[in-house]
Amino acid sequence: IMVPRKEVRHDIIQLEGDLDKVRYCFQKVLVLVDKRNGIVTVSNLPSQTKLRNIGRKTDTVIKKKKLDDDAWQLIVSGNTQEQIVQAVAILERWRDDQANNNNNNNN
């Protein structure tokens with residue numbers, strides 16, 4: 001990725017290189033700027049390994065953001081809505097299982 005000089009507009013990027021590498025990079029950039037994403041809020045954060053495995057299984061990118069109330073927001077991005085829905089469903093199932101385990105341990 002080539003960063004434009006200051007006198008050029010800031011919302012422009014230029015990709016140069018072999019076509020296959022440029023195409024791959026462009027697809028990754030589109031995922032970053034695409035508005036398609038899913039959000040799951042959890043109180044206990046899954047391990048980084050768990051997040052990577054879910055991302056790999058569903059071909060999505062999962063980013064985490066700390067909220068003010070000690071909860072975590074997991075933002076799921078992907079190429080298709082189906083991939084995002086699948087990843088969100090797995091994360092929600094994990095969250096519900098964690099809540100059930102906590103309730104069973106408290107009883």
Side-chain angles (χ1 to χ4, degrees):
I1 295 178
M2 189 173 152
V3 179
R5 294 185 308 268
K6 288 186 178 183
E7 60 269 2
V8 181
R9 290 180 31 202
H10 293 286
D11 59 350
I12 296 174
I13 60 171
Q14 179 178 345
L15 302 175
E16 295 181 3
D18 295 333
L19 182 59
D20 289 337
K21 290 182 181 179
V22 169
R23 185 178 295 138
Y24 177 79
C25 185
F26 185 64
Q27 288 172 339
K28 293 299 181 181
V29 169
L30 285 178
V31 169
L32 293 174
V33 298
D34 192 359
K35 299 300 182 205
R36 287 183 291 197
N37 56 33
I39 297 174
V40 178
T41 303
V42 294
S43 56
N44 295 324
L45 189 64
S47 69
Q48 190 64 36
T49 303
K50 178 85 172 164
L51 293 176
R52 277 193 208 113
N53 287 339
I54 294 170
R56 222 177 281 128
K57 180 179 179 181
T58 58
D59 195 24
T60 57
V61 175
I62 303 171
K63 296 184 180 181
K64 53 192 176 193
K65 178 181 177 185
K66 181 81 167 147
L67 300 177
D68 292 335
D69 59 355
D70 291 333
W72 290 87
Q73 190 175 58
L74 302 175
I75 303 163
V76 182
S77 302
N79 294 325
T80 67
Q81 193 63 30
E82 181 180 327
Q83 293 169 328
I84 295 167
V85 167
Q86 185 181 14
V88 166
I90 293 170
L91 289 167
E92 287 175 341
R93 201 171 328 125
W94 180 88
R95 179 191 61 198
D96 295 343
D97 288 345
Q98 292 296 311
N100 289 338
N101 288 341
N102 287 341
N103 288 339
N104 289 340
N105 290 338
N106 291 336
N107 292 333

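For this chain, numbers begin at 1 and follow the sequence in order. As the structure is a computational prediction, the values presented were derived from the model and not from experiment.
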Across all chains, not counting sequence neighbours, the side chain to side chain contact (heavy atoms under 4.5 Å, CB included) partners of E82 are T80

Residues at least two apart in sequence or cross-chain that pass side chain to side chain contact (heavy atoms under 4.5 Å, CB included) with A71, listed by chain then number, are T41, L67, D69

So the side chain to side chain donor-acceptor pair (under 3.5 Å) pairs with at least one residue in residues 86-100 (sequence neighbours excluded) are none

query: Same cluster or not: are V85 and L51 linked, directly or through other Ile, Leu, Val, Met, Phe, Trp or Tyr residues, by side-chain heavy atoms under 4.5 angstrom apart?
result: no

Salt bridge (charged side-chain N to carboxylate O under 4.0 Å, His left out) filter on D70, not counting sequence neighbours, yields K66

NZ of K50 to CD1 of I62, rounded to nearest 0.5 Å, is 10.0 Å

The remaining residues in the hydrophobic cluster of I39, counting side-chain heavy-atom contacts under 4.5 Å among Ile, Leu, Val, Met, Phe, Trp and Tyr, are I75

Hits for salt bridge (charged side-chain N to carboxylate O under 4.0 Å, His left out) against D20, two or more places apart or cross-chain, chain-then-number order -> R23

Under the criterion side chain to side chain contact (heavy atoms under 4.5 Å, CB included), I'd like the reasoning laid out for L45 against L74: C-alpha separation, chi angles, the key distance, then a yes or no. CA-CA 9 Å; L45 189 64; L74 302 175; 3.7 Å; yes

K64 meets the side chain to side chain donor-acceptor pair (under 3.5 Å) criterion, sequence neighbours left out, with Q48

Please tabulate, for the side chains in residues 52-59, all donor-acceptor contacts under 3.5 angstrom to protein atoms that are two or more places apart in sequence or on a different chain.
{"from": "N53", "atom 1": "OD1", "to": "R56", "atom 2": "NH1", "distance (Å)": "3.1"}
{"from": "N53", "atom 1": "ND2", "to": "T49", "atom 2": "O", "distance (Å)": "3.4"}
{"from": "T58", "atom 1": "OG1", "to": "I54", "atom 2": "O", "distance (Å)": "2.7"}
{"from": "T58", "atom 1": "OG1", "to": "T60", "atom 2": "OG1", "distance (Å)": "2.7"}
{"from": "D59", "atom 1": "OD2", "to": "Q83", "atom 2": "NE2", "distance (Å)": "3.3"}

